[in-house]
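Note that this is a predicted model, so its numbers are computed, not measured. All ligand and atom numbering here is 1-based and tracks the order in the structure.
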Amino acid sequence: MIRKLISSLLAAGALATTAYAADTELNLYTARHYQTDEALYANFTKATGIKINRIEGKEDALLERIKNEGDNSPADVFITVDASRLAKADELGIFAPVASKMLDERIPAHLRSDTWYAFSTRARVIVYNKADVDPALVQNYEDLARPELRGVVCTRSGSHPYNLSLGAALIQHDGAEATEKWAAGVVANFARDPRGGDTDQIRAVAAGECGVAIANSYYVARLINSTKPEDQKVIKAVGIIWPNQKTWGTHVNVSGGGMLKHAPHRQAAVKFLEYLASDEAQAYFANGNNEWPAVPTVEISNPALDSLGDFRSDDLNVGLLSKTTAEAQKIYDRAGYR
Ligand code: FE
């Protein structure tokens, strides 16, 4: 009896120590691997004394790893790209809610959910061949299904999260029935079966193999910033459209992250998430991948992005996109959009 009492007292003492001792390190699982992130982490360590142990990996592989590690996962914070992946992480129950006035004040409501925060945004734009396609034909995502575009549309796989998130947004704005018709129309308009990434689509548009494609804004910005003559040739041949300016706004996706349920360093995790929302970190985080900061008051100077001009973005909550992602996948499957 006494032994039991002592051991439970000891356990309580041990717990108290863990809870109140300041964390000296942080285990970060991240799908981001940009050079500017190095400065980001170094500055955090300098400001807080907290060392960052970084585990890098592909988005889906990292999520799988956290799932498999379960209760024993050393991960404190998980950062990934795409709202549907963040939503999947959420559904798996790996995140823990963070109570932070700072985060709630800095990150706009439509760019966070109950458990994760977006730290940067990217837009899904329409790219067209300036010599072959009249831009008036493709001012909206919905236009990609119009019969005038038979044999000219290219996209990456329909099951890629970027296209699923776009489909999820279309369902919420136009309805499932219209989105199903749209998907069938897009498939009927394909210049070729989906393959490659977004940059491959932009290159194929420039080469004339496709007339129109969709791509994330940072891939366009990367080509604009490239000093390679072949990339400059690509950029000169294509025009960029912010879709749906007269209707619901251009579809926007995010990079983001949250604290994990089994995080061993919870104080450090919250400190790090708050740091990512600071002016300094926001600029690094967004600029590192030619994205926009999630915090609206933070300005970045990125000539490639500036050259694309201003646009109106969809203000649908990115956390809500996940509500229709599974439906988007079913619609794409039935339409043969693979
Ligand atoms: Fe990407």
field: R32 to F285, cation-pi by 6.0 Å centre distance and 45° axis angle
entry: yes
- request: Test D198 against every option in R203, R122, R156 by the salt bridge (charged side-chain N to carboxylate O under 4.0 Å, His left out) rule and name the one that passes.
  value: R156
field: Protein N/O/S atoms closer than 2.8 Å to the Fe ion (ligand 1)
entry: Y162 OH, Y218 OH, Y219 OH
query: CD/Q282 to CG/D279 distance, rounded to the nearest 0.5 angstrom?
result: 8.0 Å
field: Polar side chain donor-acceptor pair, T324 to Q172, under 3.5 angstrom
entry: yes
- prompt: Between Q245 and R312, is there a donor-acceptor pair closer than 3.5 Å when you use the side chain of the first and the backbone of the second?
  reply: yes
message: Before we go on, tell me: are the rings of F190 and Y337 under 6.0 Å apart, centre to centre?
response: yes
